[in-house]
Amino acid sequence: MNTVILVLLCLAIAGRELYLASDKRLPRAQAELRELRAQLAELARRHDALQVDVAEAAAPSGIPIPQPDPPDVLDRVDAFHDRVERLEKTTGDLADELAGLDADRDAQRALARSLDTVERDVRELQREMLDRLDREEGVVDGLLLSEEGEAEALLADAYEDCASEYGLRVRVRDPRPDGGWLGTAYRLSGMRADALAEELFSYTRGLYAPDDPSALGALLTELAQLRGGGVARFGPFTAVRTQSTLLCGLLPDDEAAAEPWELAGRIRELPDDRRCDLSWLRTDD
């Protein structure tokens, strides 16, 4: 009976080794099986020695000799069997985990497809919403950029405070990396673009102190403090910070996609009543 148990254990361990050899992700289990195999070999040697002793003791000698009972060997075989079962459970759990990872990848791919669909739907809904708002109350294209994203958070707060001061609501924020320029493209509702631009420009031309309390004054001051360049637009109203100047002007919407240095050049070409120079707000380092 003991021999049968040992043979079965040998077969079980060999089978586990073949199974685990196909998965290099289980080095700990492989090491434990190698240890089991070495200990099982020692048990087999001791078992063979005991069988020899039993055979010799069973030979007729005229004196009855009781057959020795090897309980320690059987106990250790039972212990090994328990360890093999634990290993089987562990490797089974790992196999289930791997299968789960495959399922997760399938789920992630399905989720990615669903997200693409949702994004398309959201874009369509945004277009419908903006079209309706444009008809009812007006929609303004906005833009905020700074060189390498300098003071991006401060500029965004100032820009959105300015929008709120003029009754605008931010409907869409679209991060815009543009070469060395970083910022956000906005869609805002609440006023017609031309009317808003005229109102902003009129206020800008009336500025006379760097500590102006308005949100527009705060936005222009933040632009003026940049070490690099920057742009803030509300429809045609455009404020551009260059290395040496801060200019404001009313530019056609079709020039909104121009580079900041190009916008500054175009503002300089505007008539006097369509541009103003706020370089006095700028502070030198």
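Note that this is a predicted model, so its numbers are computed, not measured.
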### Task
Go through Asp131 and Arg135 one step at a time and tell me if the side chain to side chain contact (heavy atoms under 4.5 Å, CB included) criterion holds.
CA-CA 6 Å; Asp131 288 344; Arg135 291 191 299 269; 3.8 Å; yes
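- Looking only at distances, no side-chain donor or acceptor of Glu222 sits under 3.5 Å from a matching main-chain atom of Leu155.
- A heavy-atom distance below 4.5 Å is found between the side chains of Arg274 and Pro271.
- At most 12 heavy atoms of other shown residues, nucleotides or ligands fall within 6.0 angstrom of atom CZ in Arg169.
- Remark: the backbone N or O of Val139 is not paired with any side-chain donor or acceptor of Arg171 at under 3.5 angstrom.
- Between Leu281 and Pro210, the closest side-chain pair of non-hydrogen atoms falls below 4.5 Å.
- The shortest side-chain heavy-atom distance between Val231 and Leu263 falls under the 4.5 Å cut-off.
- The hydrophobic cluster containing Leu226 also contains Trp280, counting ILVMFWY residues as joined when their side-chain heavy atoms lie under 4.5 angstrom apart, directly or transitively.
- The two atoms that bring Leu219 and Ala158 nearest to each other are CA-CB, 3.9 Å, heavy atoms only.
- Put simply, the side chain of Phe237 reaches to within 4.5 Å of the side chain of Leu250, judged on heavy atoms.
- Paired with Tyr186 under the rule side chain to side chain contact (heavy atoms under 4.5 Å, CB included), one option of Val170, Leu143, Leu168 passes, and it is Val170.
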### Task
Decide side chain to side chain contact (heavy atoms under 4.5 Å, CB included) for Ile267 and Val240; before the verdict, give the C-alpha distance in whole Å, the side-chain angles of both, and the deciding distance to 0.1 Å.
CA-CA 9 Å; Ile267 289 176; Val240 180; 3.9 Å; yes
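- In this structure, Tyr159 contributes its side chain and Arg233 its backbone to a donor-acceptor pair below 3.5 Å.
- A donor-acceptor pair under 3.5 Å is absent between the side-chain atoms of Arg275 and the main chain of Cys248, judged by distance alone.
- Under a 3.5 Å cut-off, the side chain of Ser164 and the backbone N or O of Glu160 do not form any donor-acceptor pair.
- Residue Glu198 holds its CD atom at 15.5 Å from CZ of Arg192, rounded to the nearest 0.5 Å.
- Heavy-atom minimum distance, Trp181 versus Gly230: CZ3-N, 3.5 Å.
- Checked by atom type and distance alone, the side chain of Ser202 never pairs as donor or acceptor with a backbone atom of Leu200 at under 3.5 Å.
- Put simply, the side chain of Glu150 gets close to the backbone of Arg227: a donor and an acceptor are under 3.5 Å apart.
- By the 4.5 Å heavy-atom criterion applied to side chains, Tyr166 and Tyr203 are counted as neighbours.
- Rounded to the nearest 0.5 Å, atoms CD (Glu152) and CG (Leu154) are 10.5 Å apart.
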### Query
Could you go step by step and tell me if Phe201 and Arg205 meet the side chain to side chain contact (heavy atoms under 4.5 Å, CB included) rule?
CA-CA 6 Å; Phe201 183 67; Arg205 296 193 73 180; 3.2 Å; yes
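- Side-chain contact between Leu278 and Thr245 is absent, with no heavy-atom pair separated by less than 4.5 Å.
- At least one donor-acceptor pair under 3.5 Å links the side chain of Ser279 to the backbone N or O of Leu246.
- How far CG of Leu270 is from CG of Leu251: 5.0 Å, rounded to the nearest 0.5 Å.
- With hydrogens and angles ignored, the 3.5 Å screen pairs a side-chain donor or acceptor of Glu147 with a backbone N or O of Gly229.
- Counting heavy atoms from C-beta outward, Thr204 and Leu216 have side chains that approach closer than 4.5 Å.
- Taking all atoms of both residues into account, the shortest heavy-atom contact from Ala163 to Leu188 is CB-CD2, 3.7 Å.
- Contact detail for Gly228 and Arg241: the closest heavy-atom pair is O-CG, 3.5 Å.
- With contacts defined as side-chain heavy-atom distances shorter than 4.5 Å, the pair Leu220/Leu207 qualifies.
- Within 6.0 Å of atom CD in Gln243, 12 or fewer heavy atoms from other residues, nucleotides or ligands are found, so the atom counts as exposed in its surroundings.
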